[in-house]
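What follows is one structure encoded as structure tokens, with my remarks underneath.
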Amino acid sequence: MPALDELEKAYHALKKDGQFKEEIDLLLKTYVGRPTPLYFAKRLTDTLGGARIYLKREDLAHTGAHKINNALGQALLAKKMGKKRLIAETGAGQHGVATATGAALCGLECEIYMGSDDIARQSLNVFRMKLLGAKVVEVAIGSRTLKDAINEAMRDWTTNVRSTHYVLGTVFGPHPFPLVVRDFQSVIGREARRQVLSAEGRLPDYLIACIGGGSNAMGLFHAFIEDADVKMVGVEAGGRGILPGEHAARFAGGSLGVLQGTKSFLLQDDDGNILGTHSVSAGLDYAAVGPEHAFLRESGRARYTYATDDEAMRAFELLSKTEGIIPALESSHALAEAVKLVPGLPKGGVVIVNLSGRGDKDVQQVARMKGIEL
Amino acid sequence: MSRIGKKFREIVRGGKKAFIPYIMAGDPSLARTHELIGILEDCGADIIELGVPFSDPLADGPTIQKAAQRALAQGVTLRKVIELVADVRKRSQTPILLMTYYNPIFHYGEERFVRDASEAGVDGIIVPDLPPEEARDILAFSKRSDFDIIFLVAPTSTGERAGKVAKSSRGFIYYVSITGITGSKLTMDSSIASHVARIRSMSGTPVAVGFGISTPEEAAEVAAFADGVIVGSAIVKRAAEPDGLLREYLSSLRKAVS
């Protein structure tokens with residue numbers, strides 16, 4: 001609790017600090033490569049034969065995913081707080097890579113916690129983190145995925161709280177993390193809103209984003225919350241179907257609970273123990289969802305659905321072949337929902353899909369699943 | 001007054017210190033837990049802390065994490081641990097505390113949990129991921145029965161925060177001896193004693209110290225300034241050893257805490 005109070009105070013002070021904002025804005029522009037483009041996917045639009053599809057190209061941000069927006073912000077925040085060391089959890093490895101990058105940029109030590117199952121399926125990102133100077137710590141307990149990596153990072157933070165900042169990678173965890181992460185990610189929606197107005201002269205009908213913890217979705221949605229005509233759809237991982245242990249669709253198969261300092265929707269058993277999850281994408285393979293998504297769902301402002309492993313895999317191949325863009329398996333879940341939704345929308349409609357990351361990290365796994373040896 | 005409160009009053013009046021051992025319920029079976037409670041009593045436990053397994057024990061180190069996984073594999077749940085205590089109460093009046101995490105209690109229902117647990121003879125609970133700010137409801141329910149909610153104070157807690165925790169905690173205050181998780185290496189320094197003295201002065205509630213205490217020497221050092229000494233991981237590690245060795249170890253701790 002004292003560390004959370006310290007973080008909250010430092011964050012609110014820096015939020016008002018014009019110099020800090022200038023520093024972040026300059027790095028987002030010159031280091032991350034923002035603004036990322038809003039790309040009109042003409043061939044995909046033609047193929048699906050409905051509304052016009054735009055892709056928000058977070059895959060083009062430095063390190064290949066939206067994760068850098070938050071990791072860089074928190075790394076600078078930690079440096080201002082006088083911390084010497086960053087720790088983070090990672091599922092797909094994208095947040096680990098982003099945090100290792102932020103640590104290298106700010107001259108901080110870095111340790112990344114990662115479940116052993118995820119280490120096995122994301123070996124490329126593990127090596128990238130090491131190249132960036134970070135130590136990768138294997139978490140071999142529990143479900144050996146993202147949830148357990150968060151547990152272990154929190155244990156480290158409890159132990160080394162005086163010297164260390166915990167760069168939580170999603171809109172989850174105890175306050176103020178969901179707020180801090182959302183704020184750093186909200187640049188996605190601010191840019192997309194400006195860009196779509198310039199391209200189409202109007203706001204979109206739909207926003208679609210995938211949801212693990214929910215940071216890329218919150219980042220896209222936030223700037224549009226007040227635009228009541230813009231519908232928002234969050235896509236969870238349906239895995240092999242909505243059966244216990246076979247998916248990570250917290251809204252479809254979960255209930256209210258408290259985990260890792262947050263009250264939200266969880267996949268849990270009748271005794272309040274957290275269930276194992278499954279998704280083809282490590283970044284969505286998580287038993288809980290960010291509390292602000294639970295709020296948006298309850299208020300009816302956003303709708304939540306899921307895509308199965310197979311649907312995501314088909315969307316992965318579709319985008320690769322029609323647009324020459326290999327999407328991350330996480331983002332492929334959002335694309336899978338577009339495939340279902342867009343053909344039923346009028347041709348004049350506009351849909352933005354958040355392409356939260358690129359698929360290079362998934363290529364080996366996809367080959368393995370297809371039985372191809374590289 | 002709760003059984004824990006009465007026990008501490010008796011200990012303080014006698015100029016003694018409380019020995020509070022911890023074991024994980026259901027590790028490796030509930031029948032064995034029943035036996036272990038008997039052994040703890042034989043070896044002079046003043047209060048017994050019973051861990052309730054949870055899938056994601058954030059405050060625990062590897063020893064207790066593994067014990068929790070073994071217990072979960074046996075199908076041990078909060079309900080079953082409450083039933084176990086009801087069974088133990090047929091023969092024993094030693095105060096028993098549960099230590100678990102908030103989600104199982106939330107899922108059980110706070111009001112129902114406090115009612116069922118106190119009816120079964122559970123005397124209180126420690127919930128490391130429940131700070132006093134979030135405990136208003138469960139505190140209100142617990143005041144209807146003699147059920148203690150024990151809060152933790154960390155070495156990093158500011159004076160203001162420690163004061164808030166000290167005033168909310170009932171039965172005793174749990175001072176965490178290290179920044180870290182259960183079973184970590186204890187580094188004894190004078191700051192622990194001064195923190196404990198400061199916290200004790202904030203309310204009339206006794207202060208027990210835990211996390212990382214494993215040898216009789218460490219237990220004796222802590223007992224010199226605290227009202228009680230909690231030993232967890234070191235006992236959980238030895239719970240699988242032959243009873244003779246376990247009894248010897250427990251007795252050496254008991255002797256150190258006097």
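Nothing here was measured: the structure is a model prediction, and the numbers come from that model. Below, all heavy atoms of this structure are taken into account, side chains as well, without hydrogens, waters or symmetry copies. Naming convention: chains lettered A, B, ... in sequence-line order (proteins, then strands); numbering from 1 in each chain.
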Below 4.5 Å from any heavy atom of chain A, which atoms of [X] appear? Answer side chain, backbone, both or neither.
X: B:Pro53; answer: backbone
X: B:Pro155; answer: both
X: B:Leu78; answer: neither
X: B:Ile178; answer: neither

Check each atom of A:Leu266 against the heavy atoms of chain B and say whether the ones under 4.5 Å are side chain, backbone, both or neither. side chain
Which atom of B:Phe54 lies closest to which atom of A:Ile274, heavy atoms considered: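 Reported closest heavy-atom pair: CZ-CG1, 4.2 Å.
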Between chain A and chain B, are any donor-acceptor pairs under 3.5 Å, and how far apart is each one to 0.1 Å?
from: A:Lys147; atom 1: NZ; to: B:Asp56; atom 2: OD1; distance (Å): 3.2
from: A:Lys147; atom 1: NZ; to: B:Asp56; atom 2: OD2; distance (Å): 2.7
from: A:Asn151; atom 1: ND2; to: B:Asp56; atom 2: OD2; distance (Å): 2.7
from: A:Arg155; atom 1: NE; to: B:Pro57; atom 2: O; distance (Å): 3.3
from: A:Arg155; atom 1: NE; to: B:Leu58; atom 2: O; distance (Å): 3.4
from: A:Arg155; atom 1: NE; to: B:Asp60; atom 2: O; distance (Å): 3.0
from: A:Arg155; atom 1: NH2; to: B:Pro57; atom 2: O; distance (Å): 2.7
from: A:Thr159; atom 1: O; to: B:Thr179; atom 2: OG1; distance (Å): 3.0
from: A:Val258; atom 1: N; to: B:Asn103; atom 2: OD1; distance (Å): 2.7
from: A:Gln268; atom 1: OE1; to: B:Asn103; atom 2: ND2; distance (Å): 2.8
from: A:Gln268; atom 1: OE1; to: B:His107; atom 2: ND1; distance (Å): 3.3
from: A:Asp269; atom 1: O; to: B:His107; atom 2: NE2; distance (Å): 3.4
from: A:Gly272; atom 1: O; to: B:Asn103; atom 2: ND2; distance (Å): 2.9
from: A:Asn273; atom 1: OD1; to: B:Ser55; atom 2: N; distance (Å): 2.9
from: A:Ile274; atom 1: N; to: B:Ser55; atom 2: OG; distance (Å): 2.8

Between A:Leu275, A:Ile150, A:Leu256, A:Leu259, the one whose heavy-atom pairs under 4.5 Å with chain B are most numerous: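 With the most close heavy-atom pairs to chain B, the winner is A:Leu256.
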